[in-house]
Every structure is written in structure tokens, then in C-alpha cells.
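Below is one structure, written out as C-alpha cells, with a few remarks after it.
By convention here, the first residue in the shown sequence is residue 1. Everything numeric here is computed off the predicted structure, so don't read it as measured data. Values reported hereafter were calculated over all heavy atoms of this structure, with side chains retained and with hydrogens, waters and symmetry mates removed.
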Amino acid sequence: MKLAERFNFKIQTFTHILEGYKVADKMAEHGVGGSTFADWWGYKYEVKDAIPYNAALMNGQGVVVSINSDDAEMSRRLNQEAGKAVKYGNVSEEEAWKFVTLNPAKLLQVDDKVGSIKVGKDADVVLWTANPLSIYAKAEKTIVDGIVFYDLEKEKATLASIQKQRSELTNNLLEAKNKGLKTQAPKKKDVGHYHCDTLGENCVVSHAKYQ
């Protein structure tokens with residue numbers, strides 16, 4: 001931050017800043033945001049001083065805070081990650097919800113388009129069955145640009161239809177096999193699940209592609 005100020009530019013965001021609470025006052029003074037994890041700490045040396053109160057403490061100093069995830073599975077549940085800020089640091093529910101909605105949009109400088117429900121912004125909306133900070137909440141509807149992409153009620157009918165098609169295909173295959181027709185073993189196509197510590201050739205290719 002001192003180097004940036006010396007050369008007269010501002011840092012937008014510190015990502016993975018798990019120890020931001022140590023310099024939160026200086027971050028607020030510089031105007032840099034903090035993107036952190038909700039409660040990942042103590043699992044490797046570089047995060048031995050990380051604490052689950054990090055987001056709340058940075059927020060309390062006036063830092064624009066967002067909660068991120070490296071993990072493809074956890075990124076589907078950032079609403080629950082935001083809820084942890086209520087437990088760790090007594091952040092209000094409204095402020096915690098901003099950690100995964102408006103604040104990330106601010107840090108990406110797209111808050112004029114997304115991040116909150118407001119006239120003139122892009123209509124990306126999720127309707128929940130309960131308080132979205134709760135682990136019991138389910139996405140009821142997902143609406144993107146005014147189009148319903150997901151509907152919890154319709155999903156039941158869709159799953160029933162898929163199961164019916166699967167049964168029909170399975171019966172056709174068994175019938176073909178019983179008639180002595182030529183068959184082949186099932187083929188499965190694995191989908192890569194990349195993480196920050198993923199190793200291997202595929203990971204190297206993936207990283208190289210985006211450099």
C-alpha cells in the first residue's frame with residue numbers, strides 16, 4: 001500500500017487476505033477492499049494466524065469486505081459462508097449478505113450493473129425458501145435477465161422425466177443384450193474439479209490457458 005501511494009495509484013482489492021484484521025485500519029485508509037474466506041484457518045502454515053472474525057473486523061474498520069471461495073462446491077454455498085459472519089463477529093444479517101452480493105460487485109467495479117436489486121440494474125435474482133443465510137434455505141427460483149433458469153417445483157417434474165427416460169433406455173439395453181446383439185461397456189467421462197492446490201498435467205494446461 002505504501003508503494004502504491006508512493007507512485008500515486010490505489011490497490012483495488014487484496015484477495016485471500018486471511019490476516020487482514022491485522023492491518024484493517026491501514027486498508028481502510030488506503031481504500032483497498034478485502035476478499036477473504038469465512039472460516040478457513042489453521043490448516044496450513046500461511047494461515048496459522050487466520051481467524052473466523054477476520055471479515056467482521058475488517059468490516060468494522062470500514063473496509064469493503066467480500067467472501068470468496070477457491071472451491072467449486074463451496075462457491076455454490078456462499079450464502080452460508082456469509083451467514084458465518086453473523087456468528088463470528090455479530091455482523092448484521094443485511095451487512096453479512098452484502099459480503100456475497102453488493103460488496104463483491106463493488107470490488108469488481110460492476111456494482112452499477114449487479115449486486116443489489118435496483119431499477120436500472122441487470123435482473124439477476126434468486127428467490128429463497130427461507131432466510132438465505134440459513135443452512136436450511138433452498139434456492140426456489142433463479143432469474144437471469146428476466147428469464148427463469150431454475151424453478152424448484154419444476155425440478156421435481158424434470159427429475160421424474162429424466163428417471164423415466166433412464167428406465168426406458170436401460171430396458172432397451174437389457175432387451176438388446178438378451179437378444180444377443182452387440183453391446184459395449186458403459187463409458188464415463190470424468191469432469192475435472194480444480195482447486196488452488198490441484199497438481200498434474202491437466203492443471204498446468206488449465207492455468208497456462210488463462211495466463
Is any side-chain heavy atom of [X] less than 4.5 Å from a side-chain heavy atom of [Y]?
X    : Y    : value
Q12  : K10  : yes
F99  : L78  : no
Q61  : M58  : no
K121 : V114 : no

Are there more than 12 heavy atoms of other residues, nucleotides or ligands under 6.0 Å from atom [atom1] of [X]?
X    : atom1 : answer
K22  : NZ    : yes
E94  : CD    : no
K138 : NZ    : no
N90  : CG    : no
K87  : NZ    : no
L127 : CG    : yes

Distance from [X] atom [atom1] to [Y] atom [atom2], nearest 0.5 Å?
X    : Y    : atom1 : atom2 : answer
S134 : E93  : OG    : CD    : 9.5 Å
E5   : E29  : CD    : CD    : 7.0 Å
I162 : S167 : CD1   : OG    : 12.0 Å
N178 : L173 : CG    : CG    : 11.0 Å
W40  : S69  : CH2   : OG    : 5.5 Å

| field | hydrophobic_cluster_shared for V100 and F14, side chain cutoff 4.5 Å | value | yes
| request: Using the rule that two of Ile, Leu, Val, Met, Phe, Trp, Tyr join whenever any of their side-chain heavy atoms come within less than 4.5 Å, decide whether V63 and V86 are in one cluster. | output: yes
Spell out, as yes or no, whether a donor-acceptor pair under 3.5 Å connects the side chain of [X] to the backbone of [Y].
X    : Y    : answer
N131 : L133 : yes
N59  : A55  : no
N79  : P132 : yes
S161 : A157 : no
N54  : G20  : yes

For [Y], is there an ion pair with [X] - N to carboxylate O distance below 4.0 angstrom?
X    : Y    : value
K113 : D122 : no
R77  : E81  : no
K141 : D151 : yes

Contact summary for [X] and [Y], nearest pair of heavy atoms:
X    : Y    : value
F9   : H30  : O-CE1, 3.9 Å
F37  : L18  : CD1-CD2, 3.4 Å
P104 : S66  : CG-CB, 3.7 Å
I11  : A4   : CG1-CB, 3.9 Å
W128 : A137 : CE3-CB, 4.0 Å
A96  : V91  : N-CG1, 3.6 Å

| query | Hey, mind stepping through I17 and M27 against side chain to side chain contact (heavy atoms under 4.5 Å, CB included) and telling me if it holds? | reply | CA-CA 11 Å; I17 187 161; M27 291 173 63; 3.7 Å; yes
| said: I'd like to know whether H16 forms a side chain to side chain contact (heavy atoms under 4.5 Å, CB included) with T36, so could you lay out the CA-CA distance, the side-chain angles of the two residues, the decisive distance to 0.1 Å, and finally the verdict. | reply: CA-CA 5 Å; H16 290 206; T36 184; over 6 Å; no
| side-chain contact (heavy atoms from CB on, under 4.5 Å), paired with E19, selected from I51, D49, V47 | D49
| message | Evaluate R166 against T170 for side chain to side chain contact (heavy atoms under 4.5 Å, CB included), listing each step before the verdict. | response | CA-CA 6 Å; R166 181 181 287 116; T170 301; 4.2 Å; yes
| task | Mind running side chain to side chain contact (heavy atoms under 4.5 Å, CB included) on F149 and I143 for me, showing each step along the way? | result | CA-CA 6 Å; F149 273 69; I143 306 166; over 6 Å; no
| query | Name the one of T15, T13, N68 that satisfies side-chain hydrogen bond (donor to acceptor under 3.5 Å, both in side chains) with S35? | reply | N68
| Face-on cation placement of K84 at Y88 ring, 6.0 Å and 45° thresholds | no
| task | List the steps and the verdict of salt bridge (Lys or Arg N to Asp or Glu O under 4.0 Å) for D111 and K106. | result | CA-CA 5 Å; D111 54 300; K106 286 182 176 179; over 6 Å; no
